[in-house]
Amino acid sequence: MKIGDLAKRTGLSTHTLRYYERIGLLPYADRDRSGQRDFDASILTWIAFLGRLKTTGMPIRDMLRYAALRDEGEATGPARQQMLEIHREQVRTQIAELQECLLVLDTKIAGYAGGEQRTKENDARPNTSRKPLRSRPAGPVTH
């Protein structure tokens with residue numbers, strides 16, 4: 001598969017694919033008679049895996065280390081497993097932090113929705129208060 005086809009199928013640019021090949025994330029592709037890269041279809045699974053690692057925040061240096069271990073063969077299985085287990089814990093921590101952030105956002109949004117309802121209710125109610133609102137003093141406040 002030519003690099004343009006690979007780019008279309010993966011959603012990565014040809015520039016990114018060449019960069020990944022140059023730094024060692026992708027194995028060097030075979031070349032056809034005209035010298036163009038000719039990728040095997042099996043590269044799609046590897047690229048999808050790299051995309052997941054990237055999405056979960058794994059730094060390129062760690063992806064490179066994983067790729068190098070992978071290239072060394074089956075004997076590196078335990079080291080690769082350990083890398084993925086450590087990364088999984090980092091992802092779980094990140095998910096927990098994001099869930100906390102989502103809860104804060106949901107609470108804020110619900111507060112605005114409740115505030116909108118309170119505002120509508122107050123607009124419909126006549127102002128029976130005889131006291132004018134006090135403004136803040138212009139100068140600094142001292143206590």
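Positions are given from 1, in the same order as the sequence printed here.
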field: Spacing of OG1 belonging to Thr76 relative to CG belonging to Asp71, to within rounding of 0.5 Å
entry: 9.0 Å
query: Any idea which heavy atoms bring Pro27 and Phe39 closest together, and the distance?
result: O-CE2, 4.5 Å
query: Do Tyr19 and Leu17 belong to the same hydrophobic cluster, where Ile, Leu, Val, Met, Phe, Trp and Tyr are linked whenever their side-chain heavy atoms lie under 4.5 Å apart, directly or via other members?
result: yes
field: Reported CG-to-OG1 distance for the pair Leu25 and Thr16, which is rounded to 0.5 angstrom
entry: 11.0 Å
- request: Salt-bridge test for Glu89 and Arg92: reply yes if a basic N is under 4.0 Å from a carboxylate O, no otherwise.
  value: yes
Side chain to side chain, Leu6 and Ile47, heavy atoms closer than 4.5 Å: yes
- request: Enter the distance from Met58:CE to Met83:CE here, rounded to the nearest 0.5 Å.
  value: 4.5 Å
- prompt: So which heavy atom on Met1 is nearest to which on Asp38, and how close?
  reply: N-OD1, 2.7 Å
- prompt: So, Gln94 versus Gln90: side-chain donor-acceptor pair below 3.5 Å or not?
  reply: no
query: Hey, what's the ring geometry for Tyr66 with Phe49, parallel, tilted or perpendicular (30° and 60° as the breaks)?
result: tilted
Identified side-chain hydrogen bond (donor to acceptor under 3.5 Å, both in side chains) counterpart of Glu85 within the set His87, Gln81, Gln82: Gln81
Side-chain touch Leu102/Leu98, heavy atoms, less than 4.5 angstrom: no
message: If you compare all heavy atoms of Glu74 against all heavy atoms of Arg80, which two are closest, and at what distance to 0.1 Å?
response: CA-NH2, 4.0 Å
- prompt: What's the shortest heavy-atom distance between Ile3 and Thr14, and which atoms?
  reply: CD1-O, 3.8 Å
- request: Could you grab the distance from atom CG of Leu64 to atom CG of Leu69, nearest 0.5 Å is fine?
  value: 11.0 Å
- request: Measure the spacing between CG of Leu50 and CG of Leu26 and express it to the nearest 0.5 Å.
  value: 6.5 Å
field: Side chains of Thr10 and Ile43 in contact at under 4.5 Å (non-hydrogen atoms)
entry: no
message: I'd like to know whether NZ of Lys54 has more than 12 heavy-atom contacts from other residues, nucleotides or ligands below 6.0 angstrom.
response: no
task: Of all the heavy-atom pairs spanning Gly24 and Ala67, show the shortest one and how long it is.
output: O-CB, 3.9 Å
- line: Arg31 and Glu21 have their tightest heavy-atom pair at NH2-OE1, 4.4 Å
